[in-house]
**Q** 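Handing you this structure, nothing more for now.
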Amino acid sequence: MNLKKYKPILEVLFLSTLVYLIHKLIFFLNENNPNIEGFHFLIEVVYGFFFLCSVLILLILIKVKEKNIDNVGYTFLLVTCIKMALSYAVLSPILHSGNPNIRIEKLNFFLIFALFLTIETIVTVRILNNKQ
């Protein structure tokens, strides 16, 4: 197994773990701590969902890079659109719930989505810059 080939996945694991710990620390230190137990999805579940999506996207991009690096950008756009549609499907129960903390839960969801999108974009740019 070529570890250098799968370095982007390790980067996503490290960054997502770091941000998750910071996110949990913010909730822990927040004096007006909302009742996160009332959320439709636990924060760990949302992070897990987006982490799995990111790993899947990166595995697809690594395979596409091996075959034809010129298609990596287009593939990234396609799988990101699919991820957005899947994310909306996951978000739909949150939007229709009667949770009093719905605003905080939606904000968490979209911040985590944006975070993972940023990480995926940075890693994809690195893949594209490492043309050999």
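These values consider heavy atoms only, across backbone and side chains, with no hydrogens, waters or symmetry-generated copies.
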**Q** My understanding is that only residues two or more places apart in sequence, or in another chain, count here; which of them pass side chain to side chain donor-acceptor pair (under 3.5 Å) with Glu44?
**A**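 For Glu44, the residues satisfying side chain to side chain donor-acceptor pair (under 3.5 Å) (neighbours in sequence not counted) are Tyr20, Lys24.
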**Q** Test side chain to side chain contact (heavy atoms under 4.5 Å, CB included) on Glu11 and Arg126 and set out the steps.
**A** CA-CA 11 Å; Glu11 291 172 350; Arg126 284 180 156 181; 2.8 Å; yes
**Q** Would you kindly confirm whether Ile122 and Leu18 end up in one hydrophobic cluster when ILVMFWY residues are joined by side chain heavy atoms under 4.5 Å apart?
**A**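 No.
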**Q** To check you understand the geometry: which heavy-atom pair defines the closest contact between Leu117 and Thr121, and what is its length?
**A**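 Answer, listing the atom of Leu117 first, then Thr121: O-OG1, 2.7 Å.
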**Q** Can you see which heavy atom on Ile69 is nearest to which on Ile127, and at what distance?
**A**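 The answer is CD1-O, 4.0 Å.
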**Q** Following the transitive rule for hydrophobic clusters with a side-chain heavy-atom cut-off under 4.5 Å over Ile, Leu, Val, Met, Phe, Trp and Tyr, establish whether Val64 and Leu78 coincide in one cluster.
**A**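 No, separate clusters.
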**Q** Apply side chain to side chain contact (heavy atoms under 4.5 Å, CB included) to residues Val19 and Tyr47 and explain how you reach the verdict.
**A** CA-CA 10 Å; Val19 173; Tyr47 270 95; 3.6 Å; yes
**Q** According to side-chain contact (heavy atoms from CB on, under 4.5 Å), who are the partners of Leu10, at least two apart in sequence or on a separate chain?
**A**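 Leu10: side-chain contact (heavy atoms from CB on, under 4.5 Å) contacts with Leu3.
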**Q** Mind checking whether Ile62 and Leu13 sit in one hydrophobic cluster, side chains of I, L, V, M, F, W, Y counted as touching below 4.5 Å?
**A**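 Cluster IDs for Ile62 and Leu13 match.
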**Q** Could you pull out the closest heavy-atom pair between Pro8 and Val123, with the gap in Å?
**A**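 Heavy atoms only, the tightest pair is CB-CG1, 3.2 Å.
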**Q** Does the side chain to side chain contact (heavy atoms under 4.5 Å, CB included) test come out yes or no for His23 and Asn108, once each step is laid out?
**A** CA-CA 9 Å; His23 195 159; Asn108 275 328; 2.9 Å; yes
**Q** Quick one: which of Ile60, Leu61, Leu59 gives a side-chain contact (heavy atoms from CB on, under 4.5 Å) with Ile57?
**A**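 Single pass found, and it is Leu61.
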**Q** Start with the C-alpha gap between Thr124 and Leu128, add the side-chain angles, then the distance that decides, and say whether side chain to side chain contact (heavy atoms under 4.5 Å, CB included) holds.
**A** CA-CA 6 Å; Thr124 302; Leu128 288 171; 4.3 Å; yes
**Q** Would you tabulate the side-chain donor-acceptor contacts of residues 79-94 under 3.5 Å, counting partners in other chains and residues two or more places apart, or write 'none'?
**A**
unit_1, atom_1, unit_2, atom_2, d
Thr80, OG1, Phe76, O, 2.7
Lys83, NZ, Glu120, OE1, 3.3
Lys83, NZ, Glu120, OE2, 2.8
Ser87, OG, Lys83, O, 2.8

**Q** Is there a chain of hydrophobic side chains (I, L, V, M, F, W, Y, each step under 4.5 Å between heavy atoms) that links Leu115 to Leu21?
**A**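 Yes, Leu115 connects to Leu21 through the hydrophobic network.
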**Q** Grouping I, L, V, M, F, W and Y whenever their side-chain heavy atoms are under 4.5 Å apart, do Leu58 and Leu56 come out in a common cluster?
**A**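 Yes, same cluster.
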**Q** Taking the six-membered ring for Trp, are Phe50 and Phe116 parallel (under 30°), tilted (30 to 60°) or perpendicular (over 60°)?
**A**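 Geometry flag for Phe116 against Phe50: parallel rings.
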**Q** Give, for atom CG of Leu77 and atom CG of Asn71, the distance between the pair rounded to the nearest 0.5 Å.
**A**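 It is 11.5 Å, given to the nearest 0.5 Å.
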